[in-house]
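Below is one structure; the comments refer to it alone.
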Amino acid sequence: MRVLLISSEMVPFAKTGGLADVCGAIPLYLEKQKVEVKAVLPFYKHVKNYFFSKESKLKRVNDEILMTKIGRNVEVYFIENNWYYDRFGLYGETLGDYQDNLARFSYFSIKALELLRIINFRADIVHCHDWQTSLIPVYLKNIYAHDDFYRGIKSVLTIHNLGYQGLFSKDEFPKLGLDWKIFNIDGLEFYDKISFLKGGILFSDKITTVSPTYSKEIQTKELGAGLQGVLLKRDKDLSGIINGLDYSLWNPSRDNLIYNKYGQKSINKKYINKQKLRDECGLKQIKVPLLGFVGRLAGQKGMDLIASSINELCQLNLQFIFLGTGEDYYHSLLGKISNEYPDRIVSFIKFDNELAHKIYAGCDIFLMPSHYEPCGLGQMISLKYGTLPLVFKTGGLSDTVNKDNGFIFDSYDKQSFIQTVKKALLIYNNKLKWRKLVQNAFRYDFSWDKQIKKYIQLYKSIK
Ligand code: ADP
């Protein structure tokens, strides 16, 4: 089987979020499963910077294509166009999105498809990601449908976050090189605008999201972002595959960033991490559970719920560590509460990977009451560290956390949240029950080795 992964970001070359991690992992793990895979992305300034000291690793294919290799032998191609991609941002800068994103990503889509012919790689599947590459299925089914080389190539679109759709003024439609006939309610039109993502949803052969529950939720009015009807129409081709976790980075028995390595069989050492973390953060050593939060300080991540409950929670026998950046309101709220209850709560408003590792290792409970969550990484990391996640029942959180490995509440309100924290506190005081949950948490396996097989199965299922 031959697969071309087409994406707008990919580690280690260019990243703004989790999309890059997933797109960096998929090719490596497909290769391990003997799939013939190549990848392509724009030749951004970020990519140039990446290769600054390692130019020898970059080969020129022609005037506008460069190539490098990752893994054992996976070719990654870069489409060069300095006017479009030699900029400080991937999609925009502090003033907002780039005004020519429609042109930048339709150009990339066409060039990525042309690449197949240039390198004579007749892929069985092109795997696209998010709105930036959602025009590819549209081009395949319209412009390339009658070209012998491309006939029969199937497309998969993975939606990482439905919140970003690639919406543009219809005045720009002629730039896409598509027939106006597909600018209608059954095509790319979305409330009188062009929607790239809608095009991808309608024209791809299969659609995936990054968790099974999220694939159902986006078919509802509440989380469908206006596309629920279109997604419902594609229901039989829509499924969810949980992202894998990179266990070479996240593994308490090999983690050099934590105070003391530990594993399922040396769980006592986890508590050394707890003590040292409290010392480092200036929290008193008292016999209470330590709750950690690592993430964006935003409403989506449940900060609204935390903000409304924190005063009450600080009256309980608990301690909290917050690490995150995000909305100003939550920055100052956490600062204020930390001053009021210095024995109970500390907060760090910064991005700090090392401290994040120490929090995952040193806490008893990981707080992640996200309002919605396409997949979520924090809860998967915390399970690996034997730190029980406390989550709202949504998206990827409900696919990974349950009452046997953590705490989950199903009504997004202050009362249910506080009740669940109290329940966790009660169980914490029952050492036998607690140990059982922690042992269960260690057993969960979200390795890419396992998850990649689901993508291969999906590719094979396309007729
Ligand atoms: P998101 O929706 O932000 O992508 P995820 O849970 O999928 O949320 O992933 C967030 C990742 O970023 C996790 O690995 C988390 O540990 C990390 N992270 C988030 N904020 C911080 C921070 N302030 N410092 C260190 N790591 C962070």
Side-chain angles (χ1 to χ4, degrees), residues 8-11 15-25 90-91 129-130 158-164 209-211 213-214 217-218 223 225 240-252 255 257-258 277 280-281 291-304 306 320-328 330-331 334-335 338 346-363 365-385 387 389-392 394-401 406 444 446 448 451:
S8 61
E9 43 186 283
M10 178 176 179
V11 291
K15 169 170 173 167
T16 67
L19 166 67
D21 294 301
V22 176
C23 292
L90 263 50
Y91 315 123
H129 298 265
D130 278 348
T158 295
I159 301 171
H160 298 253
N161 191 337
L162 194 70
Y164 302 93
T209 60
V210 286
S211 71
T213 298
Y214 191 60
E217 288 171 343
I218 58 175
L223 290 177
I241 299 175
I242 286 273
N243 289 335
L245 182 64
D246 188 346
Y247 287 121
S248 67
L249 295 178
W250 298 106
N251 183 345
D255 192 333
L257 298 175
I258 64 177
L277 176 64
E280 183 176 331
C281 298
L291 282 73
F293 177 101
V294 179
R296 284 184 286 119
L297 300 175
Q300 187 223 319
K301 294 288 173 188
M303 277 309 295
D304 48 355
I306 292 175
F320 295 93
I321 297 186
F322 284 87
L323 170 64
T325 55
E327 295 167 24
D328 287 343
Y330 298 122
H331 292 183
L334 286 176
S338 306
V346 283
S347 52
F348 299 91
I349 309 298
K350 59 177 177 175
F351 194 95
D352 184 337
N353 185 44
E354 184 172 331
L355 182 57
H357 279 250
K358 290 173 172 170
I359 292 176
Y360 286 115
C363 287
I365 295 171
F366 187 73
L367 275 187
M368 195 165 171
S370 307
H371 199 182
Y372 78 92
E373 193 60 80
C375 177
L377 266 180
Q379 85 283 13
M380 292 199 262
I381 299 172
S382 74
L383 285 169
K384 183 69 184 171
Y385 282 71
T387 303
L390 191 154
V391 305
F392 175 55
T394 184
L397 297 176
S398 50
D399 290 328
T400 50
V401 181
Y444 280 76
F446 306 102
W448 269 113
Q451 300 309 100

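Order of appearance sets the numbers: ligands from 1, and atoms from 1 within every ligand.
Protein heavy atom in closest approach to atom 3 (O) of ligand 1: Arg296 NE, 2.9 Å. When only non-hydrogen protein atoms are considered, atom 24 (N) of ligand 1 lies nearest to Asp352 N, 3.0 Å. Summary of contacts: the protein heavy atom closest to atom 19 (C) of ligand 1 is Gly295 CA, 3.6 Å. In this structure, the protein non-hydrogen atom closest to atom 8 (O) of ligand 1 is Lys301 NZ, 2.9 Å.
Residue Met368 has at least one heavy-atom neighbour below 4.0 Å for each of these atoms of ligand 1: 6 (O). Heavy-atom contacts of Gly378 reach the following atoms of ligand 1: 6 (O) (cutoff under 4.0 Å). Heavy-atom contacts of Gly376 reach the following atoms of ligand 1: 6 (O), 7 (O) (cutoff under 4.0 Å). Atom numbering of ligand 1 starts at 1 in the shown order; those under 4.0 Å from a heavy atom of Val294 are 16 (O), 18 (N), 21 (C), 26 (N), 27 (C). Applying the 4.0 Å criterion to heavy atoms of Ala356 picks out, from ligand 1, the atoms 25 (C), 26 (N).
Across every non-hydrogen atom of His371 and Gly299, the tightest pair is CB-O, 4.1 Å. The two residues Gly396 and Gln379 have their closest heavy-atom pair at O-NE2, 3.7 Å.
By the 3.5 Å distance cut-off applied to N or O atoms, Leu377 is counted among the residues near ligand 1. At a 3.5 angstrom cut-off on N or O pairs, Gln300 does not count as close to ligand 1. Distances between N or O atoms of Trp250 and those of ligand 1 include no value under 3.5 Å. Checked against a 3.5 angstrom limit, the closest N/O atoms of Thr325 and ligand 1 fall outside it. Of the N or O atoms in Tyr360, one or more lie within a sub-3.5 Å distance of an N or O in ligand 1.
Between Ser8 and Leu90, the closest side-chain pair of non-hydrogen atoms is not below 4.5 Å. Inter-residue side-chain proximity for Glu327 and Met303 is flagged as unmet; no heavy-atom pair is nearer than 4.5 Å. Proximity of Lys350 to Leu355: side-chain heavy atoms (C-beta onward) are separated by under 4.5 Å at one or more points.
Between the Thr325 side chain and the Phe351 main chain, no donor and acceptor come within less than 3.5 Å of each other. Asp130 contributes a side-chain N or O that, together with a main-chain N or O of His160, makes up a donor-acceptor pair within less than 3.5 Å. Using a distance-only test at 3.5 Å, with no hydrogens or angles considered, a donor-acceptor pair links the side chain of Ser211 to the main chain of Pro374. Side chain of Glu9 to backbone of Leu19: no donor-acceptor contact under 3.5 angstrom is found.
Note that SG of Cys281 and CD1 of Ile359 are 6.5 Å apart. Values are rounded to the nearest 0.5 Å.
Residue Phe293 is tested with Tyr330, Phe322, Phe366 for a ring pair (Phe, Tyr, Trp, His ring centres under 6.0 Å); the sole match is Phe322.
In this structure, Ile381 has a heavy atom closer than 4.0 Å to ligand 1. For the pair Gly17 and ligand 1, no heavy-atom separation below 4.0 Å is found. Judged by the shortest distance from any of its heavy atoms, Lys350 lies inside the 4.0 Å radius around the atoms of ligand 1. Close to ligand 1: Gly324, with a non-hydrogen atom less than 4.0 angstrom away.
Taking each of Phe351, Phe348, Tyr372, Phe322 in turn, the one with a heavy atom nearest to atom 27 (C) of ligand 1 proves to be Phe351.
Under the 4.0 Å distance rule, the nearest protein heavy atom to atom 10 (C) of ligand 1 falls outside the cut-off. Inside a 4.0 Å radius of atom 14 (O) of ligand 1 there is at least one protein heavy atom.
Geometrically, Lys384 does not engage Tyr360 in a cation-pi contact, judged by NZ or CZ lying under 6.0 Å from the ring centre and within 45° of the ring axis.
A salt bridge is defined here as a Lys NZ or Arg NE, NH1 or NH2 lying under 4.0 Å from an Asp or Glu carboxylate O, and Lys301 with Glu373 meets this definition.
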